[in-house]
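Below: the structure, in structure tokens.
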Amino acid sequence: MEKLILIDGNSIIYRAFFAMPPLTNSSGLHTNAVYGFTNMLLRLIQEENPTHILVAFDAGKETFRHEGYQEYKGGREKTPSELSEQFPLMRELLESLGIAWFELSGYEADDIIGTISKQGEDSGREVLVVTGDKDMLQVVSDKVTVALTRKGISEVEPYGPKEIEEKYGLSPLQIIDLKGLMGDASDNIPGVPGIGEKTALKLLHQFGSVEEVLSHTDELKGKMKENLVNHAEDARMSKRLATIFREVPVERSWEDMTFTGLKEETAVPMLRKLEFKSLLERLSFTGGDSEAGHEAAEPVKELDVTIVNAAVMPELGELLPQIKDLHVESSGENPHHAILMGMVLSTPERHFYISPEFLKSEEAGPILAWLKDENVPKRGYNLHRTDLTLHWEGIPFAGANFDIELAAYLLDPTENDQTLSALSTKYGISRLASDDDVYGKGAKFKVPNEEVLSQHLARKCDAIMKLVPLQEAELEKNEMRSLFYDLEMPLSRILADMEKQGVAVNRDDLVELGKEFEAQISKLVAKIYEIAGQEFNLNSPKQLGEILFDKLGLPVIKKTKTGYSTDAEVLEKLAPYNDIVQYILEYRQLAKLQSTYVEGLLKEIRSETGKVHTYFRQTVAATGRLSSQYPNLQNIPIRMEEGRKIRKVFVPSEEGWLILGADYSQIELRVLAHISGDKGLQEAFLHDMDIHTKTAMDVFGVSADQVDANMRRSAKAVNFGIVYGISDYGLSQNLNITRKEAARFIDQYFDAFEGVRKYMDEIVRDAKRDGYVKTLLERRRYLPEINASNFNLRSFAERTAMNTPIQGTAADIIKLAMVLMDEALSSHGLKSRMLLQVHDELVFEVPPEELEVMTKLVPETMEKALKLSVPLKAEVSSGLNWYEAK
DNA sequence: AAGTTCACG
DNA sequence: ACGTACGTGAACTTT
């Protein structure tokens, strides 16, 4: 016998919230309502043993009931943010448990339940509705039982036709009439004044329905008669409002609601994230090893680790073909200078520890062959680092197939602790000591003896093996398999190749440039000390502040947490008061160039190669962008001529070759045109117009030739603001205008680009509902603060919701282009090399005979990376160095 | 380890 | 009214 449980999600989560004491997980997320709801859900499943389950939610503020009666549900307290932030969590949890949920704009959960219960009943199935709302009793029948919550949510009381008759002396449908007469304060349904439950029941027992009561008012008397006559229309309307609509266009099939058991593989990580330990135990989802939950009680069992030596090699050689999991341990921040500490290869039963010495010995041949075989799929943690570490040891590595760190990043790019230890805890697999605990941190770092080390590394490899299927299930659930396997995994190998290649730097020219800067700096310092009347540490904002504001008496424009602000923005405003300010600004600029770019870059040049080898981090930026370290080659100066000269020292690594750069033109605004569907913006890009001029025309309502430089500048700032998730305050700061003027600009922009306005509204609304936003390629970013009551936190999350799909999709696109470019270079047999990515730009070094083909191939490949409703455009240029490739 | 400033997209 | 533009990394000073 099939049995469906229908749950009124809103009703239950509200009741759970107020019934449960406050509860947060360790990251401060409120979870009490989710906990209460889940508890009840699990109890229901256990007791009722349903074959189908659906949780219905209200969607949107406006429902069809508001059409006839604007005050419907008026006067309600705003939902506290501690509760509203739990809605997205609840939906996510339901999905991970494998329980269907549904909502439909314009309808309440009641109506969805009314509709589905009717369908169930019509097809002869048994239905149990769970809610805290008595209105729901109207759907009761032989087949449909309504369970009303009692005492918070800890108990439910089932109502069939018999129970309703016993309690009220009414039929289920008469519940509507009851509500029509007595009203409902919580929904702001008026009813008839002076008539409460007692009177209403008396009337209904006598006449049967609202209509009958109203047509027999002559048989009544006194105040009650008067009220009924005067409020007849209120009574009819109240009845209409209380009537559950049972014809909702529900697009959920019976199969969609099938419940065959909880989905352990996705439920466990979610319950772990919420830190619902008691639920995990109750479900005996302790996962793999049993120590989770009672860590102290059970001793951690030793893994079977074999230290590999010549004698063990034959045995390992036998097993190699079936090994997929490895962990290479190395120390040091910079992977290009990492020190190899050891390696573990694992089967489900056994772990093989290979010391650095053995790996470099003659006997390790089969292991090296295994490592470099691209047809052997390998799974590990940060295989990008593994590749680089081994590379500098002279050991080729290929075949990366599943990277735990990369998967963790895609599943939650804002989580900053993605260590194997943290992931083990999160997914509830056997505990893994943190590296800091095993090695000590900072100056205390020490490699333990081989027995301890090999055991720790084996545990890591064991964790990798266990995490793979869990993360795979989550990637699958989030529809991220393609993003992971087709984009990020291939890209990680490409990045490693680019980094190994490195970029040649002309050391002599850089030193020379440093001398020029030095000469200018010492002149400026002398002048500054002269005006100040004393020497001081110019690099100290504190000392500088004392000179400027206390000694020279300049006006204080802005303060920081710790004292006077002396940033460039403040100094610009102070410039008219004293010449010293201009000198300080110039000093700051040159000092930055000298320390970060001349001295900093010189330190990063590898003497053996004369190159810098940056490390592109693929798992840090919340939007999906890359970042670059040791050195950062994504922030080499370009805006100011003095700094731009730095680019002259980045040169081809081979005689006669050239540097070629190609950058996307307005990629973010093109992405916005695509995802917002705004016709005007799309039109502009289809005709390849100057987008800032076009914006100025539409915002100021003028023709192209009427747009002056200032209008274009303003329009450009507005466009930036739009991409960043606009706010009047931010724009006013940028353009140095009042907030009111900025607000007017924004309004005019949205009037001109209605599609963009609609997108911005919708993305924020979606984020509030789902708790996350997505890019075109399904990259996610969770926004837990989107429903916060704190204005600052919430506003920040709202701007992030607007910006991330744009910036993130642009990141997706250039990553796609890199994968395509890598394929194109090898399929065309070209010698040209991809060296750098700078968010919307790719940099190559090219032999002269390939310049022509590359000048065509690179922009073409970038432009076809992803098909949008507007064309992508890439512009290419080349020269003897990076400065000239502009 | 945190705060300030500034380089880039 | 609330008070900030989005995303990074490095150098330097102060705590």
Side-chain angles (χ1 to χ4, degrees), chain A residues 333 413-414 441-442 536-545 558-571 584-585 587-601 603-604 614-617 620-640 642-644 646-647 663-668 672 717-735 739 742 746 773 781 788-808 810-811 814 836-842:
Chain A
E333 292 270 302
T414 52
K441 56 179 171 180
F536 62 99
N537 185 347
L538 248 176
N539 290 325
S540 162
K542 189 167 169 235
Q543 295 180 38
L544 178 61
K558 196 166 68 174
K559 290 203 139 204
T560 65
K561 219 180 285 183
T562 53
Y564 306 120
S565 170
T566 67
D567 65 21
E569 199 188 314
V570 168
L571 295 182
I584 293 166
L585 280 165
Y587 167 83
R588 280 258 176 92
Q589 205 192 93
L590 288 162
K592 176 84 176 178
L593 295 176
Q594 186 74 305
S595 67
T596 306
Y597 297 103
V598 176
E599 291 164 6
L601 208 51
K603 280 184 218 150
E604 296 291 345
T614 192
Y615 174 50
F616 286 108
R617 296 196 59 184
V620 283
T623 54
R625 277 188 174 184
L626 300 176
S627 82
S628 158
Q629 270 181 315
Y630 319 122
N632 181 354
L633 293 182
Q634 291 183 320
N635 71 345
I636 302 302
I638 189 166
R639 294 176 192 163
M640 307 292 270
E642 275 305 290
R644 194 172 189 156
I646 299 281
R647 294 188 170 225
D663 62 303
Y664 280 113
S665 163
Q666 303 297 352
I667 188 167
E668 293 187 335
L672 175 62
V718 172
N719 277 331
F720 267 95
I722 291 294
V723 168
Y724 291 160
I726 198 138
S727 72
D728 48 14
Y729 193 85
L731 183 66
S732 74
Q733 291 295 299
N734 194 282
L735 282 177
R739 223 190 70 241
I746 294 168
V773 290
R781 177 172 182 180
S789 52
N790 180 312
F791 175 87
N792 267 330
L793 293 178
R794 188 177 64 247
S795 301
F796 188 69
E798 287 171 358
R799 290 196 298 277
T800 311
M802 299 186 240
N803 169 266
T804 295
I806 302 172
Q807 192 182 123
I814 195 163
L836 297 174
Q837 188 251 48
V838 194
H839 311 308
D840 64 352
E841 174 191 11
L842 295 176

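To find a chain, count down the sequence lines: A is the first, B the second, and so on, and within it residues start at 1. For clarity, every value in this text was computed on a predicted model and none was experimentally measured.
Distances from the side chain of A:Thr800 to the nucleotides B:dC8, C:dA5, C:dC6 place C:dC6 closest. The side chain of A:Ala621 sits closest to C:dG7 out of C:dG7, C:dC12, C:dG3. Here B:dT5 is the nucleotide among C:dT8, B:dT5, C:dG3 with the atom lying nearest to any side-chain atom of A:Thr566. Considering only side-chain atoms of A:Asn539, the nucleotide from B:dG3, B:dG9, C:dC12 that sits closest is C:dC12. If you check C:dG7, C:dC12, C:dT4 against the side chain of A:His839, the one that comes closest is C:dG7. Checking C:dG9, C:dT4, B:dC6 against the side-chain heavy atoms of A:Ala568 singles out B:dC6 as nearest. Distance from the side chain of A:Asn635 is smallest to B:dA7 among B:dA7, C:dC2, C:dC6. Side-chain proximity of A:Asn734 to the nucleotides C:dA5, C:dC12, C:dC6 is greatest for C:dA5. Considering only the side chain of A:Arg799, C:dC6 comes nearest among C:dT8, C:dC6, B:dC8. Among the nucleotides C:dC12, C:dT14, B:dG9, the one closest to the side chain of A:Lys542 is C:dT14.
A salt bridge is absent between A:Glu333 and A:Arg617: the closest approach of a Lys/Arg side-chain nitrogen to an acidic carboxylate oxygen does not fall below 4.0 angstrom.
Taking 4.0 angstrom as the limit, A:Arg639 places a side-chain polar atom (N or O) nearer than this to OP1 or OP2 of B:dG9. Applying the 4.0 Å criterion to OP1 and OP2 of C:dT14, one finds that A:Ser540 has a side-chain N or O inside that range. Between A:Thr560 and B:dT4, a side-chain N or O to OP1/OP2 separation shorter than 4.0 Å is present. For the OP1/OP2 pair of C:dA10 and a distance below 4.0 Å, the side-chain nitrogens and oxygens of A:Gln629 include at least one atom meeting the criterion.
A gap of 27 Å separates the C1' atoms of C:dG3 and B:dC8, to the nearest Å. Atom name P, nucleotides C:dT4 and B:dT5: the rounded distance is 15 Å, in whole Å. Across the P atoms, B:dT4 and C:dA5 are found 13 Å apart, a figure rounded to whole Å.
One interatomic measurement links the two molecules: CG of A:Leu544 to P of C:dT14, which rounds to 11 Å at whole-angstrom precision.
Using the Watson-Crick or G-U wobble rule with both distances under 3.5 Å, C:dC6 pairs with B:dG9.
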